[in-house]
A.B. asks: 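Shown below is the structure under consideration.
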Amino acid sequence: MKTKIASIAVAFLVMSAAAQSSERALADIVDTALDNIEWNFEMSYAFDETSREDDETLVGRYDPTRPAGERWTLLSVDGRAPTDDEIDEYVAMKDFEHRDVGGDDDGLEKLIKPGSLRLISETEHAWTIGFDPQFDVDDDDEKFLNGLDGVLRVSKRTGALLLMDMRNQRPLRPIVGAKIKKMVMRFEFGPATRSGPNVLKVVDVVVSGSALMLVRFDEHERYEFSNFEYVGDRLPQS
């Protein structure tokens, strides 16, 4: 009996050690992938931004070498030339949205709950890793999002993060009387230029549900960043 108990104990310790080793390996993969992302690419790259929201497509250009207030240029609205009013509204909106450029250097990595990484699948090209999202439980606007499931995809060839996806598997209730049936937040990454850093390339957000059993909502926003040009060497030296 003692021998059998000892064997079980040894097997448990071996399995526990293997699990801890696996967790450390996944943590190393994810840490490396996140560390190699240039979250603040707006500091040294010019780029196009294509936004699709409310059946409207806007294409704009950002250039950090231009003076403050002139860095955003609206190129087109639904494929046509923009009006003066649309240009003024767009520039004001983008300046407000990007007023804190350079202030957040950890990007999305703070959303990954420590110790929650798990291997979902593995191919010759990539690891698909699950995680539990970690939002601010003291913020009523965020804490309900902890009901989402998260997935990361990391390239085996480059070690770069390819994808972060967070979505619900069951309805979410942010406030009394409101129900979110579907929520998807998807972030895709890729190299800014052939020799450039890994950057955010696509943001895709889908939210649908109902409020007070009467009002139904179905919203989809998508932002694509492209045509990156390194301009850091043309910025004024501080």
Side-chain angles (χ1 to χ4, degrees), residues 37-105 107-108 111 141-142 145 148 161-168 174 178 180-194 196-211 214-236:
I37 293 175
E38 178 52 72
W39 299 106
N40 291 315
F41 57 82
E42 292 171 322
M43 300 292 289
S44 54
Y45 281 86
F47 57 89
D48 290 351
E49 179 190 273
T50 301
S51 61
R52 296 181 176 88
E53 181 181 0
D54 298 329
D55 297 324
E56 183 179 64
T57 300
L58 305 178
V59 179
R61 181 76 178 170
Y62 176 81
D63 186 347
T65 66
R66 297 176 63 83
E70 301 178 15
R71 292 171 183 163
W72 285 95
T73 303
L74 181 59
L75 302 178
S76 68
V77 178
D78 292 331
R80 61 170 172 78
T83 65
D84 290 342
D85 287 343
E86 288 171 333
I87 292 173
D88 291 342
E89 181 181 354
Y90 178 83
V91 171
M93 175 184 67
K94 301 309 289 185
D95 283 344
F96 178 78
E97 290 177 351
H98 295 261
R99 62 193 182 281
D100 296 326
V101 169
D104 183 3
D105 60 0
L108 299 170
L111 298 181
D141 292 334
E142 286 193 8
L145 294 172
L148 300 175
L161 181 64
L162 305 174
L163 168 74
M164 173 185 277
D165 185 288
M166 294 179 287
R167 62 182 65 204
N168 63 316
I180 295 177
K181 293 183 178 180
K182 180 179 182 180
M183 171 169 277
V184 178
M185 291 187 286
R186 184 182 179 91
F187 306 88
E188 299 176 20
F189 301 84
T193 58
R194 180 171 297 181
N198 206 36
V199 297
L200 183 62
K201 302 293 283 287
V202 176
V203 177
D204 218 353
V205 179
V206 178
V207 182
S208 63
S210 60
L214 298 173
V215 180
R216 298 187 181 277
F217 52 88
D218 190 351
E219 300 177 4
H220 185 188
E221 299 179 18
R222 182 178 175 89
Y223 299 85
E224 300 174 6
F225 308 100
S226 60
N227 297 326
F228 285 83
E229 177 190 1
Y230 179 73
V231 295
D233 53 353
R234 304 208 305 264
L235 292 170

A.B. asks: Return the NZ to CG distance between K201 and L163, rounded to the nearest 0.5 Å.
C.D. replies: 14.0 Å

A.B. asks: Can you name the nearest heavy-atom pair linking R71 to P64, along with the distance?
C.D. replies: NE-O, 3.7 Å

A.B. asks: Is any side-chain heavy atom of D54 closer than 4.5 Å to a side-chain heavy atom of E221?
C.D. replies: no

A.B. asks: Please round to the nearest 0.5 Å and tell me the distance separating atom CD of E53 and atom CD of E219.
C.D. replies: 7.5 Å

A.B. asks: Evaluate the side-chain proximity of V184 to K182: yes if any heavy-atom separation is below 4.5 Å, no if none is.
C.D. replies: yes

A.B. asks: Give a yes or no on whether D84 atom CG has more than 12 heavy-atom contacts from other residues, nucleotides or ligands under 6.0 Å away.
C.D. replies: no

A.B. asks: Apply side chain to side chain contact (heavy atoms under 4.5 Å, CB included) to F217 and I180, showing your working.
C.D. replies: CA-CA 9 Å; F217 52 88; I180 295 177; 4.3 Å; yes

A.B. asks: Does the side chain of D63 reach to within under 4.5 Å of the side chain of T73, using non-hydrogen atoms?
C.D. replies: no

A.B. asks: Taking the side chain as C-beta and beyond, is there a heavy-atom pair between E229 and R61 under 4.5 Å?
C.D. replies: yes

A.B. asks: Rounded to the nearest 0.5 Å, what separates atom CG in L58 from atom OG in S76?
C.D. replies: 7.5 Å

A.B. asks: Working note: V77 + E56, criterion side chain to side chain contact (heavy atoms under 4.5 Å, CB included); need CA distance, chi angles, decisive distance, verdict.
C.D. replies: CA-CA 7 Å; V77 178; E56 183 179 64; 3.8 Å; yes

A.B. asks: Of all the heavy-atom pairs spanning K181 and N168, show the shortest one and how long it is.
C.D. replies: O-ND2, 3.0 Å

A.B. asks: State which residue, out of V205, D55, V206, fulfils the side-chain contact (heavy atoms from CB on, under 4.5 Å) condition with H220.
C.D. replies: V206

A.B. asks: Short question: side chain of N227, backbone of F47 - any donor-acceptor pair under 3.5 Å?
C.D. replies: no

A.B. asks: Measure across F225 and L200 and return the closest heavy-atom pair with its distance rounded to 0.1 Å.
C.D. replies: CD1-O, 3.5 Å

A.B. asks: Please report the shortest heavy-atom distance between N198 and L161, naming the atom on each side.
C.D. replies: ND2-O, 3.0 Å

A.B. asks: Would a distance-only check, ignoring hydrogens and angles, find a side-chain to backbone donor-acceptor pair under 3.5 Å from E86 to T83?
C.D. replies: yes

A.B. asks: Just so I know, are the side chains of T193 and Y45 near enough to count as touching, which here means a heavy-atom distance under 4.5 Å?
C.D. replies: yes

A.B. asks: Give, for atom CE of M166 and atom CG of L108, the distance between the pair rounded to the nearest 0.5 Å.
C.D. replies: 6.5 Å

A.B. asks: Rounded to the nearest 0.5 Å, how far does CG of D48 lie from OH of Y62?
C.D. replies: 13.5 Å

A.B. asks: Please report the closest heavy-atom contact between G69 and V91, naming both atoms and the distance.
C.D. replies: O-CG1, 3.7 Å

A.B. asks: Give a yes or no on whether the backbone of D204 and the side-chain of R222 come within a donor-acceptor separation of less than 3.5 Å.
C.D. replies: no

A.B. asks: Taking D165 first and then R167, would you say they form a salt bridge - that is, a charged N and a carboxylate O separated by under 4.0 Å?
C.D. replies: yes

A.B. asks: Run the numbers on K94 and E49 for salt bridge (Lys or Arg N to Asp or Glu O under 4.0 Å), then give the verdict.
C.D. replies: CA-CA 11 Å; K94 301 309 289 185; E49 179 190 273; 2.6 Å; yes

A.B. asks: Flag the pair E224 / R52 as yes when at least one side-chain heavy-atom distance between them is below 4.5 Å, and no otherwise.
C.D. replies: yes

A.B. asks: When rounded to the nearest 0.5 angstrom, what distance separates OG in S51 from CE in M93?
C.D. replies: 6.0 Å

A.B. asks: Indicate yes or no: at least one non-hydrogen side-chain atom of N40 is less than 4.5 angstrom from one of E42.
C.D. replies: no

A.B. asks: Is the shortest heavy-atom distance from the side chain of T57 to the side chain of T50 under 4.5 Å?
C.D. replies: yes

A.B. asks: Can you classify the ring geometry of F189 versus W39 as parallel (below 30°), tilted (30 to 60°) or perpendicular (above 60°)?
C.D. replies: perpendicular

A.B. asks: Which atom pair, heavy atoms only, marks the closest approach of E38 to V199?
C.D. replies: O-CG1, 3.8 Å

A.B. asks: Counting neighbours of CZ on R216 that are heavy atoms of other residues, nucleotides or ligands and sit closer than 6.0 Å, is the number greater than 12?
C.D. replies: no

